[in-house]
Amino acid sequence: MFESKTIDEKKQGTVLMKDNFLSKKNKKVYIESYGCQMNFSDSEIVASILLEIGYETTRDIKSANLILINTCSIREKAEQTVRKRLDFFRASKNKKTSIGILGCMAERLKSKFLEEEKLVDLVVGPDSYRDLPNLLKEVNDGRKAINVILSKEETYADLNPVRLDKNGITSFVSIMRGCDNMCSFCVVPFTRGRERSREPKTIINEIKELENNGYKEVTLLGQNVDSYLWTGGGLKKDFQKLSKEAKKNSVNFAQLLDLVARNTFMRIRFSTSHPKDMTDDVLHIMAKHKNICKYIHLPVQSGSSRILKLMNRGYDRDWYLNRVKSIKNIIPECGISMDIITGFCDESEKDHLDTLSLMKAVKYDFGYMFKYSERPNTLAERKYKDNVPDKIKSKRLSEIIDLQQKHSLEQNEKYIGKICEVLVEGLSKKSDDDLFGRTTQNTVAVFPKENTKIGSIVNVLITNCTSATLIGKLIN
Ligand code: SAM
Ligand code: SF4
């Protein structure tokens with residue numbers, strides 16, 4: 001549970017596949033995705049590009065003409081998982097199967113990947129998926145193919161993603177790509193390029209289409225959604241060069257959120273918020289619209305201002321706590337979650353205690369906690385020493401996890417005796433007699449199904465809980 005981000009760890013490596021896919025063509029692609037939700041969303045864009053050239057998705061590796069792995073580079077472990085998968089694919093590959101590496105590892109390792117892993121035929125970075133038809137022609141002619149060019153413009157705005165392996169109830173829409181933040185530990189700016197935002201009109205169109213197809217919830221995705229800024233296209237860093245008129249007509253995240261909320265009845269979520277950019281305007285828009293879920297994922301990374309400075313996060317402990325205060329003032333019922341990295345370069349016991357005390361001050365509903373993993377070419381790798389011994393990283397991580405579990409239980413206990421609105425997403429994992437869904441605060445609730453339809457919003461009286469789940473019964 002605690003080594004994952006937006007995606008449940010159990011979903012890592014999920015085979016993406018559209019059920020009842022209507023295609024007359026007989027080429028088959030098997031796509032496996034790792035990492036953050038953005039990667040899973042990108043696989044849907046890839047499926048849509050491949051559909052145009054006659055590939056249908058399959059869950060059966062043996063019947064695939066093309067095996068694609070959409071990779072993650074965020075921690076060393078994520079890369080090791082992909083390498084192990086390649087060993088497994090070595091056995092399934094025959095003369096007719098091509099293997100392609102997509103995403104962050106493709107971008108980070110470029111042609112080195114083709115040199116290191118001889119069975120790989122194709123390496124494609126996150127901004128080059130439109131080139132897949134040309135690259136596949138090369139591969140089919142017996143050559144290796146690679147495109148890892150990062151773009152200033154690409155947002156895949158005009159493409160209609162093929163919705164893969166979804167419950168038909170909740171979905172994801174990318175609103176921006178890349179990241180300009182340069183946190184010293186993070187590989188994302190190198191693998192996903194500079195920040196650019198997607199045109200609001202195309203975001204609204206995609207959301208309306210989801211709604212027309214019966215979806216009930218959409219999550220707006222970006223590495224730093226609060227930094228969203230539509231200025232007519234191009235890189236965010238070029239904003240200052242724009243005319244007065246263009247600056248005036250630009251659309252920021254608070255405005256986009258307002259626009260989305262007014263154009264759909266679906267529930268709206270967004271991820272990820274960055275503490276340095278999250279404005280009160282966004283919080284007021286959240287408070288104003290009932291269909292915007294009252295939940296913010298606000299990664300803190302560390303509770304020590306000294307470490308936050310080394311991490312180049314752009315805020316200190318006081319700033320972060322002030323943002324949390326604003327959330328609690330403007331949206332008192334808001335759920336808050338976090339990411340924390342433990343054992344970053346030079347982290348002392350006092351810095352670690354600062355993290356624990358910040359957690360106590362905020363009382364997060366839940367969190368994702370990681371041991372620091374040094375990544376090649378990042379500022380931290382170049383400038384600092386990864387000098388916290390692994391044993392200490394592990395000890396601090398378990399202290400953080402234990403505290404968070406205690407807080408999650410306390411937070412969930414607050415709902416006992418209360419009625420929560422829950423969007424029903426499916427059958428509970430433990431029993432076919434129970435359904436599960438999420439509250440506006442993004443907490444999972446489980447309750448006996450009775451005659452409830454999946455996709456409906458129901459009132460659930462919470463009668464019990466664990467640190468991860470609310471347990472209740474339906475109320476008419
Ligand atoms: N853009 C988001 C933000 O700034 O909060 C996070 C994106 S990153 C894909 C998700 C999380 O992975 C980060 O919040 C951080 O906690 C963790 N992470 C990133 N680089 C890491 C590293 N080198 N070692 C351990 N965890 C890392
Ligand atoms: Fe990485 Fe920082 Fe950008 Fe998040 S904001 S993707 S942690 S560089």
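Ligands are counted one by one from 1 in listed order, and the atoms in each one are counted from 1 as well. None of the values given here were measured: they were computed from a predicted structure.
- Close N/O approach between Arg75 and ligand 1 is found [any backbone or side-chain N/O within under 3.5 Å].
- Distance alone, capped at 3.5 Å, is enough to place a donor-acceptor pair between the Arg177 side chain and the Pro126 backbone.
- Ligand 1 lies within reach of Arg313, whose nearest heavy atom is under 4.0 Å from it.
- Taking a cut-off of under 4.0 Å to the non-hydrogen atoms of Phe185, the atoms of ligand 2 that pass are 7 (S).
- Salt bridge absent: Lys216 and Glu211 never bring a charged side-chain N and a carboxylate O closer than 4.0 Å.
- Residue-level proximity to ligand 1 for Cys36 is absent, since no heavy atom of it falls below 4.0 angstrom.
- A donor-acceptor pair under 3.5 Å links the side-chain atoms of Ser43 to the main chain of Asn39, judged by distance alone.
- In this structure, the ring pair (Phe, Tyr, Trp, His ring centres under 6.0 Å) partners of His274, at least two apart in sequence or on a different chain, are Tyr315.
- Aromatic ring centres of Tyr295 and Phe366: separated by under 6.0 Å.
- Counting only distance, with no hydrogens or angles, the side chain of Thr264 and the backbone of Val260 share no donor-acceptor pair below 3.5 Å.
- Listed by number with element, the atoms of ligand 1 under 4.0 Å from a non-hydrogen atom of Gln301 are 5 (O), 13 (C), 14 (O), 15 (C), 16 (O).
- For atom 21 (C) of ligand 1, the candidate residues are Phe344, Phe185, Tyr368; the nearest heavy-atom contact is made by Phe185.
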Applying salt bridge (Lys or Arg N to Asp or Glu O under 4.0 Å) to Arg438 and Glu425, what does each step give before you reach the verdict?
CA-CA 8 Å; Arg438 273 163 217 275; Glu425 290 182 33; 3.1 Å; yes
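- Considering backbone and side-chain N/O atoms, Ser373 comes within less than 3.5 Å of an N/O atom of ligand 1.
- Residues passing the salt bridge (charged side-chain N to carboxylate O under 4.0 Å, His left out) test with Lys393, sequence neighbours excluded: Asp386.
- Atoms of ligand 1 found under 4.0 Å from any heavy atom of Pro299, numbered from 1 in the order shown, are 5 (O).
- Atoms of ligand 1 lying under 4.0 Å from any heavy atom of Arg375, numbered from 1 in the order shown and given with element: 23 (N).
- Thr355 places a side-chain N or O within donor-acceptor distance of the main-chain N or O of Gly303, the cut-off being under 3.5 Å.
- Under the salt bridge (charged side-chain N to carboxylate O under 4.0 Å, His left out) test applied with Glu79, the options Arg85, Arg108, Lys84 reduce to a single match, Arg108.
- Ligand 1 is approached by Ile74 to a heavy-atom distance shorter than 4.0 Å.
- Counting only protein N, O or S atoms, the number found under 2.8 Å from atom 3 (Fe) of ligand 2 is 1.
- Atoms of ligand 2 lying under 4.0 Å from any heavy atom of Arg313, numbered from 1 in the order shown and given with element: 2 (Fe), 7 (S).
- Legend: residues meeting salt bridge (charged side-chain N to carboxylate O under 4.0 Å, His left out) with Glu399, ordered by chain and number and at least two apart, are Lys395.
- Taking every heavy atom of Thr272 and a limit of under 4.0 angstrom, the matching atoms of ligand 1 come to 2 (C), 5 (O).
- With a heavy-atom cut-off of 4.0 Å, Phe370 touches ligand 1 through its side chain alone.
- Within the 4.0 Å heavy-atom shell around ligand 1 one does not find His297.
- Taking any N or O of Glu374, backbone or side chain, none lies under 3.5 Å from an N or O belonging to ligand 1.
- When atom types are taken as modelled, the side chain of Trp230 and the backbone of Phe253 share no donor-acceptor pair closer than 3.5 angstrom.
- A donor-acceptor pair is defined here as one N or O able to donate and one able to accept, closer than 3.5 Å; no such pair exists between the side chain of Asn252 and the backbone of Leu229.
- Contact atoms of ligand 1 toward Lys371: 24 (N), 25 (C) (distance under 4.0 Å to a heavy atom of the residue).
- Judged by distance alone, the side chain of Asn312 and the main-chain N or O of Met182 form a donor-acceptor pair under 3.5 Å.
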